[in-house]
S.K.: 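Could you have a look at this structure, given as structure tokens, before my questions?
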Amino acid sequence: MHLRPGAMLYLCSLTKYGPMKFDVQHLDRKWQAYWKEHKTYRTLNDTSKPKYYVLDMFPYPSGSGLHVGHPLGYIGSDIVARYRRQAGFNVLHPMGFDAFGLPAEQYAIDTGVHPSQSTAVNTARYKEQMERLGLSFDWDRSVNTSDPGYFKWTQWIIGEVFEHWYDRDADKARPVSELIDHLEKHGTEGLHAAETEPRRISAEEFNRLDAKGRSDLLMNYRLAFRSVSYVNWCEALGTVLANDEVKDGRSERGNHPVEQRPMLQWSLRITAYAERLLAGLDTVDYSEGLKAQQINWIGKSTGALVHFDIKGHEGQLDVFTTRPDTIFGTTFMVIAPEHELVDRLTTQAQRGEIDDYLTYVGRRSELDRMSENRVTGAFTGAYAINPLNGAEVPIYIAEYVLKDYGTGAIMAVPSDDDRDKRFAEKFGIEIIDVVDKSDYPGATLKDKVGRLMNSGFLDGMEVPDAIAAATERIEAEGRGQRQINYRIRDLVFSRQRYWGEPWPIEYDDEDVPHRVATVDLPVELPQMEDFRAVNGASPLERATDWIRHDSRRRETDTMPATAGSNWYYLRYMDPTNANEFVSPDAVNYWQDVDLYVGGAEHAVSHILYSRLIHKFLFDIGKVPTREPYKKLLNQGMIGGPISYIHLGILLTDDGQRHPVWVSSNVAEGSGLEVPGIGSGHLVLDESTGRRLTPLRFVTETSVNNESSYRLYHDAVDEAQRLDHQDAAYFRTILQQATAFAWSLDKEGRQYLELSVEQGKMSKRKYNAVNPDDICERYGADCFRMYEMFLGPIDQGKPWSVSGIDGVYRFLRRFWTLFVGEGDRLAVTDAEATREELKILHTLIKKVTEDIEKLSFNTCVSAFMVATNDLTKLRCDKRAVLEPMVRLIAPFAPHLAEELYRALGGTETVHRAGWPTFEERHLVEDNITYPIAFNGKTRLTLEFPAEATRETIEETARADAQVQGYLEGKAIRKVIVVPKRMVNFVVG
RNA sequence: GCCCGGAUGGCGGAAUUGGUAGACGCGCUGGACUUAAAAUCCAGUUCCCAGUACUGGGAGUACGGGUUCGAUUCCCGUUCCGGGUACCA
């Protein structure tokens with residue numbers, strides 16, 4: 001055998017490496033162990049390098065483990081992290097666990113296993129699964145929100161929030177001590193603070209208050225405050241839920257009914273930050289959709305606060321309206337049934353009617369209200385007086401006016417509001433048209449367009465002008481002022497549950513709350529065995545020894561799960577710091593998250609709340625940036641097929657009924673023959689129907705270009721043998737009939753056709769696919785590349801394994817570029833050809849650009865194209881192949897590490913640098929031009945790259961084929977775009 | 001209802017600022033290798049029409065219009081699908 005120059009390398013590598021079999025299991029194990037042992041992904045706060053922070057939303061470690069939907073984002077972020085690391089950045093890429101929360105507590109109630117135990121087990125499982133995927137997390141920086149070393153600082157932050165108030169003049173949070181200072185000197189005079197309700201007090205009055213009185217007043221301003229508020233109470237879960245934990249009047253977790261209940265609760269004053277949360281969105285790179293969701297959630301609307309006098313009463317009725325221009329069309333007023341004036345306004349004559357209505361409203365749940373959407377209400381008997389024209393209008397109560405929005409009262413303008421209109425029609429109230437929309441055909445009542453009429457001084461004005469003029473008049477007459485309203489409500493931050501951070505608050509003998517001193521943090525949970533919340537009381541109420549602390553009484557409410565998760569990205573910067581939540585050095589170096597990846601389900605709440613806490617920490621000088629997350633990527637959800645086996649009745653000719661499993665495509669009445677029973681026809685009735693079939697027993701095939709889901713006979717046998725939860729469930733299902741009306745496939749194997757729907761992957765639907773299983777079969781690299789290859793990462797898609805073989809084949813072909821006959825490395829030092837270098841540099845360019853664009857699926861395609869091309873060229877040049885290894889390392893880290901070492905690399909490929917793209921390798925001598933006639937491409941011609949417009953046109957005109965197409969036609973115009981195309985416009 | 005996405009072969013999906021639509025992969029068809037199968041490799045594969053073949057013609061990116069020499073890409077309108085949200089004054 002003749003040795004080529006490059007063969008020296010192969011001999012060296014061989015002695016060190018031996019045969020190189022393509023054994024993905026071996027590679028996975030070998031390198032995962034190596035990385036762990038050598039702490040390859042350890043990140044130090046090395047300020048000599050530029051930083052890059054790639055963060056995944058940390059998971060709640062549930063009992064069912066990861067399914068193939070979870071890693072989609074983890075793989076994407078891992079690719080970015082690895083790419084940046086190779087490119088010379090100091091990359092922070094941590095992972096931790098959002099470990100406080102309801103499920104562990106619910107599990108504890110059901111099984112008696114303490115949440116800390118089940119959490120530890122689940123956390124270990126998650127970590128194992130993530131390591132199996134070859135994710136490059138620095139586990140030394142891992143955090144766990146239920147770890148006292150962590151939640152000490154969650155409590156500390158909330159304590160800081162408690163000790164601050166929001167100064168609207170400075171537009172930032174300031175210490176409560178400064179507020180007290182102001183109150184002592186000036187009272188509320190000159191104070192512009194975010195507050196629960198408007199308060200007026202003089203300095204003298206304030207100074208006369210006792211401790212409790214002061215504390216109560218300060219609660220009106222604190223950013224973490226306690227108040228009676230209507231909360232989403234869920235009886236079944238025994239707890240209060242946040243707005244985003246409630247869907248359609250039911251709890252998101254468990255789907256239990258939720259009712260409104262007044263309770264004394266801790267809240268965070270997020271409303272103080274509404275404007276900044278809104279403005280900050282302009283400075284971050286989030287998707288438009290996500291920004292829109294946040295904007296909607298904050299719900300800013302500009303309008304006017306208008307005071308209406310009430311006939312025969314002292315006080316006024318305040319309303320908020322975005323349409324002050326339509327005030328002349330006000331023909332009635334509506335206040336919320338819970339409005340504080342209801343009782344006072346109700347006349348003797350109307351008392352009965354109002355009471356009946358209040359009873360009716362009280363009976364109706366949030367769910368009823370939303371689902372029925374009925375027009376209901378009752379007249380109080382009182383009248384309000386229109387401040388601009390003195391008209392007297394009746395005051396109603398109706399449930400369509402919400403106590404929590406605006407002032408809980410509206411001026412109803414039936415001519416320009418759908419709900420007011422329906423109400424007016426039902427109750428026979430006058431409708432005065434005040435906006436002429438005839439110039440705007442197709443405009444609806446919601447559109448703020450038209451010309452005012454029947455409106456006194458506003459007549460003839462266009463709506464926007466009229467709004468300004470009306471507001472001005474209202475202000476001038478002292479009847480109200482311009483006002484901005486937000487839909488967002490303060491964040492209820494109390495839970496009457498066990499498994500969360502205790503509020504770091506203690507009460508003294510006078511019931512005055514005090515922040516627990518930092519030296520006394522963390523406030524740990526007491527050991528308990530019964531975690532049930534009884535009658536809405538926190539389980540901690542029963543820990544009487546724990547509650548008494550020195551001379552004080554501990555707060556028994558705990559915090560919601562979001563408490564730990566809204567600042568965790570900061571803790572990763574300095575995870576073991578025992579003196580501070582994060583050191584100034586660490587946070588000044590790492591700054592903020594450069595790329596944040598996670599599910600869209602957290603798009604509103606989690607992101608909004610962590611932005612809130614971040615802005616607060618910015619105000620108190622603890623973080624240098626205004627926003628926590630620079631760029632956000634929401635990965636799509638991977639759905640799973642939910643398949644069903646169909647149960648039917650075989651009615652035999654002798655009139656006997658036999659339950660039998662049938663293919664989903666067999667119609668009722670069809671003839672059937674089942675061995676051992678006989679023949680007859682299929683009957684479907686209420687005893688039959690379909691049963692959930694665990695996905696692991698289902699085979700997906702393609703028949704006549706249609707995908708088909710089948711249950712094969714051997715899968716049924718397997719289910720009988722297997723010791724697995726899914727198998728156990730399936731066995732009980734299969735007991736409902738013993739006979740199967742099998743069909744035969746091409747190979748003569750027996751199967752049943754199943755029906756299928758797409759749905760969320762979940763344990764309960766038996767359709768969760770475990771990534772471990774896929775890794776065992778194809779290796780982690782293949783799984784990673786396959787998930788990326790499925791399509792754009794931000795799009796949802798159903799899980800399907802069809803296609804994974806293609807990725808596996810690709811990896812093998814890639815490997816074969818390096819490893820030849822007899823599993824030996826076959827790479828030479830021969831000089832690379834121009835063509836080979838062009839392939840390489842095309843790939844470098846494409847992969848680098850696409851990683852930056854987070855377009856990972858096209859990266860995988862590019863690798864495939866390059867591999868195919870180089871295979872065709874039988875390329876074995878180190879100069880081409882070695883950079884390829886470094887390029888693929890972020891995607892297929894195990895395979896890349898192996899090949900890189902085999903090529904002589906002494907250090908990890910993951911710090912081996914990123915190949916540099918050189919434009920000169922892509923320069924072409926000739927460019928192929930499409931030649932089109934009237935825009936239709938007919939042929940192609942080659943021209944030198946530097947050819948001018950004129951030469952191209954002349955040469956093209958002279959071409960024989962072109963002549964053929966031009967025959968008998970006049971050339972009107974020739975368009976030549978250099979390096980692109982030629983178009984003949986002919987007539 | 002409103003807001004945000006989206007719609008491209010049998011399927012997942014590609015396509016720089018408007019410039020050869022369908023890259024790559026799956027599936028399917030045919031072939032090579034094999035005693036056979038698997039694996040692997042090679043070729044073909046948007047649809048329709050014509051042709052013995054090399055091939056030629058037409059249509060085509062949800063639908064209807066428009067701008068342009070030229071539109072998957074830009075504009076207007078419509079339909080359908082996905083996500084979010086809602087008596088928000």
Side-chain angles (χ1 to χ4, degrees), chain A residues 247-248 287-297 299-301 303 319-323 326 334 369-370 372-376 398-402 404-413 416-420 422-423 444 446 485-488 600-601 603-604 634 636-637 639 701-707 785-786 789-792 794-798 800-807 809-810 812-813 816 849 855 857-868 871 928-940 972-977 979-986:
Chain A
K247 286 259 142 53
D248 301 328
S287 71
E288 286 308 310
L290 191 129
K291 284 185 185 178
Q293 276 183 53
Q294 297 232 338
I295 291 167
N296 282 342
W297 194 261
K300 178 180 182 175
S301 53
V319 301
F320 173 73
T321 176
T322 55
R323 294 296 303 273
T326 62
V334 187
R369 274 195 183 199
M370 281 194 278
E372 294 177 24
N373 204 359
R374 286 207 302 235
V375 181
T376 62
E399 60 181 350
Y400 82 86
V401 171
L402 307 175
D404 278 335
Y405 188 78
T407 60
I410 61 162
M411 56 175 229
V413 184
D416 282 273
D417 182 281
D418 281 316
R419 295 151 308 163
D420 296 347
R422 280 188 290 148
F423 192 90
T444 66
K446 284 186 193 291
N485 225 328
Y486 299 92
R487 187 178 86 99
I488 192 168
E601 63 271 29
V604 180
N634 283 124
M637 202 182 65
T701 55
S702 170
V703 181
N704 297 332
N705 288 332
E706 300 260 328
S707 65
M785 290 197 97
Y786 177 61
F789 190 55
L790 284 173
D794 54 354
Q795 263 168 46
K797 55 217 108 200
S800 154
V801 284
S802 77
I804 196 168
D805 292 311
V807 176
R809 277 197 279 270
F810 150 71
R812 209 168 30 218
R813 284 161 65 93
T816 307
E849 284 175 1
S855 170
N857 55 327
T858 50
C859 290
V860 180
S861 295
F863 280 117
M864 288 174 169
V865 172
T867 303
N868 291 347
T871 301
T928 305
Y929 282 71
I931 311 297
F933 299 87
N934 289 339
K936 277 219 178 299
T937 304
R938 294 298 176 183
L939 59 126
T940 57
R972 290 202 186 149
K973 200 172 173 186
V974 182
I975 287 146
V976 179
V977 183
K979 297 192 201 305
R980 282 263 180 237
M981 48 73 69
V982 178
N983 188 17
F984 286 93
V985 185
V986 294

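Throughout, a chain's letter reflects where its sequence line sits, starting with A, and its residues are numbered from 1. Values in this document were obtained by computation on a predicted structure and should not be read as measured data.
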S.K.: Identify whether any heavy atom of A:Lys936 sits under 4.0 Å from a base atom; if not, whether one sits that close to sugar-phosphate; answer base, sugar-phosphate or nothing.
M.R.: sugar-phosphate
S.K.: Using the side chain to side chain donor-acceptor pair (under 3.5 Å) criterion, which residues pair with A:Asn934? Sequence neighbours excluded.
M.R.: none
S.K.: Holding to side chain to side chain donor-acceptor pair (under 3.5 Å), I want the full list of residues that pass it with A:Lys797, two or more places apart in sequence or in another chain.
M.R.: none
S.K.: Using the glycosidic torsion, which applies to B:rG9: syn (within 90° of 0) or anti (everything else)?
M.R.: syn
S.K.: Identify the two heavy atoms, one from A:Thr326 and one from A:Met411, that lie closest to each other, and give their separation to 0.1 Å.
M.R.: OG1-CE, 3.9 Å
S.K.: Could you tell me how far apart A:Met785 (CE) and B:rC26 (P) are, to the nearest whole angstrom?
M.R.: 14 Å
S.K.: Take the protein atom CZ of A:Arg419 and the nucleotide atom C1' of B:rC2, then report the distance between them rounded to whole Å.
M.R.: 13 Å
S.K.: Distance between the P atoms of B:rC11 and B:rA62, in whole angstroms?
M.R.: 13 Å
S.K.: Nearest to the side chain of A:Asn868, heavy atoms from C-beta on, is which of B:rC26, B:rA89, B:rC24?
M.R.: B:rC24
S.K.: Whole Å only: how far is the CE atom of A:Met411 from the C1' atom of B:rA89?
M.R.: 9 Å
S.K.: Would you check if A:Ser802 and A:Ser800 make a side-chain contact, meaning some heavy-atom pair closer than 4.5 Å?
M.R.: yes
S.K.: Compare the minimum distances between each of B:rC69, B:rG19, B:rC3 and the side chain of A:Arg980, then state the nucleotide with the smallest one.
M.R.: B:rG19
S.K.: Rounded to the nearest angstrom, tell me the gap between atom CG in A:Asp417 and atom P in B:rC88.
M.R.: 8 Å
S.K.: When you check the phosphate oxygens OP1 and OP2 of B:rC24, does a side-chain N or O of A:Arg813 lie under 4.0 Å from one of them?
M.R.: no
S.K.: Among B:rG19, B:rA15, B:rC24, which nucleotide has an atom closest to any side-chain atom of A:Val865?
M.R.: B:rC24
S.K.: Please list every stem that involves RNA chain B, where a stem is a run of 3 or more consecutive Watson-Crick or G-U wobble pairs with both pairing distances under 3.5 Å.
M.R.: B:1-7 with B:79-85, B:10-12 with B:24-26, B:27-32 with B:40-45, B:46-50 with B:55-59, B:62-66 with B:74-78
S.K.: State, yes or no, whether a side-chain contact exists between A:Phe423 and A:Asp417 at a heavy-atom distance under 4.5 Å.
M.R.: no
S.K.: Under 4.0 Å, counting only non-hydrogen atoms across every strand here, what does A:Ser800 touch: a base, just sugar-phosphate, or nothing?
M.R.: nothing
S.K.: Do A:Val976 and A:Val982 touch side chain to side chain, with heavy atoms closer than 4.5 Å?
M.R.: yes
S.K.: Provide the distance between the two C1' atoms, one in B:rG60 and one in B:rG22, to the nearest whole Å.
M.R.: 11 Å
S.K.: Rounded to the nearest Å, what distance is computed from the CD1 atom of residue A:Ile295 to the C1' atom of nucleotide B:rC4?
M.R.: 11 Å
S.K.: When the distance from CD1 of A:Ile804 to C1' of B:rC24 is rounded to whole Å, what number comes out?
M.R.: 16 Å
S.K.: Rounded to whole angstrom, note down the C1' distance from B:rA86 over to B:rA14.
M.R.: 38 Å
S.K.: Closest nucleotide of RNA chain B for A:Arg422 versus for A:Ala932: which of these residues is on the 5' side?
M.R.: A:Ala932
S.K.: How long is the line joining CD of A:Glu601 and P of B:rG84, in whole Å?
M.R.: 9 Å
S.K.: Closest to the A:Met864 side chain: B:rG19, B:rC88, B:rG25?
M.R.: B:rG25
S.K.: How about A:Phe863 and A:Val807: do any of their side-chain heavy atoms sit closer than 4.5 Å?
M.R.: no
S.K.: For B:rG65 versus B:rU79, give the span between their C1' atoms, rounded off to a whole number of Å.
M.R.: 15 Å
S.K.: Quick one: on RNA chain B, does A:Ala862 or A:Tyr486 contact a more 5' nucleotide (nearest heavy atom)?
M.R.: A:Ala862
S.K.: Just compare B:rU20, B:rC87, B:rC24 and give me whichever is closest to any side-chain atom of A:Thr940.
M.R.: B:rU20
S.K.: Write down the distance between NZ (A:Lys973) and C1' (B:rC69), rounded to a whole number of angstrom.
M.R.: 6 Å
S.K.: CZ of A:Arg938 to CZ of A:Phe933: how many Å apart, nearest 0.5 Å?
M.R.: 8.5 Å
S.K.: Closest to the A:Phe320 side chain: B:rA89, B:rU85, B:rC87?
M.R.: B:rA89
S.K.: Using the C1' atoms only, state how far B:rU61 lies from B:rG13, rounded to an integer number of Å.
M.R.: 13 Å
S.K.: Do A:Asp420 and A:Ile410 have side chains that approach each other closer than 4.5 Å (heavy atoms only, starting at C-beta)?
M.R.: yes
S.K.: According to side chain to side chain donor-acceptor pair (under 3.5 Å), who are the partners of A:Thr858, at least two apart in sequence or on a separate chain?
M.R.: A:Asp850, A:Ser855
S.K.: So which nucleotide from B:rA14, B:rC4, B:rC41 ends up closest to the side chain of A:Arg809?
M.R.: B:rC41
S.K.: Touch check for A:Ile975, heavy atoms < 4.0 angstrom, all strands: base, sugar-phosphate only, or nothing?
M.R.: base
S.K.: Extract from the structure each pairing of a protein N or O with an N or O of nucleotides 70-76 of chain B at less than 3.5 Å, listing the distance.
M.R.:
none

S.K.: For B:rA14, does either OP1 or OP2 sit under 4.0 Å from a side-chain N or O belonging to A:Asn857?
M.R.: yes
S.K.: Working to the nearest 0.5 Å, report the span between CE of A:Met981 and CD1 of A:Ile975.
M.R.: 7.0 Å
S.K.: Taking atom P in both B:rC33 and B:rA21, what distance in whole Å separates the two?
M.R.: 39 Å
S.K.: Taking the same atom, P, in B:rG44 and in B:rU55, what whole-Å distance lies between them?
M.R.: 11 Å
S.K.: Remember a base hit wins even if backbone is also touched, and classify A:Thr937 as base, sugar-phosphate or nothing at under 4.0 Å, heavy atoms.
M.R.: sugar-phosphate
S.K.: What's the closest nucleotide to the A:Ala292 side chain, out of B:rA15, B:rC4, B:rG84?
M.R.: B:rC4
S.K.: What pairs with A:Gln293 under side chain to side chain donor-acceptor pair (under 3.5 Å), at least two apart in sequence or on another chain?
M.R.: none
S.K.: In Å and rounded to the nearest 0.5 Å, what is the CD1 to NZ distance from A:Ile488 to A:Lys300?
M.R.: 13.0 Å
S.K.: For the P atoms, the ones on B:rC75 and on B:rG1, what distance do you get once it is rounded to whole angstrom?
M.R.: 24 Å
S.K.: Nearest to the side chain of A:Val977, heavy atoms from C-beta on, is which of B:rG19, B:rA89, B:rA59?
M.R.: B:rG19
S.K.: With a 4.0 Å cut-off on heavy atoms, is A:Pro792 in touch with a base, just the backbone sugar-phosphate, or nothing at all?
M.R.: sugar-phosphate
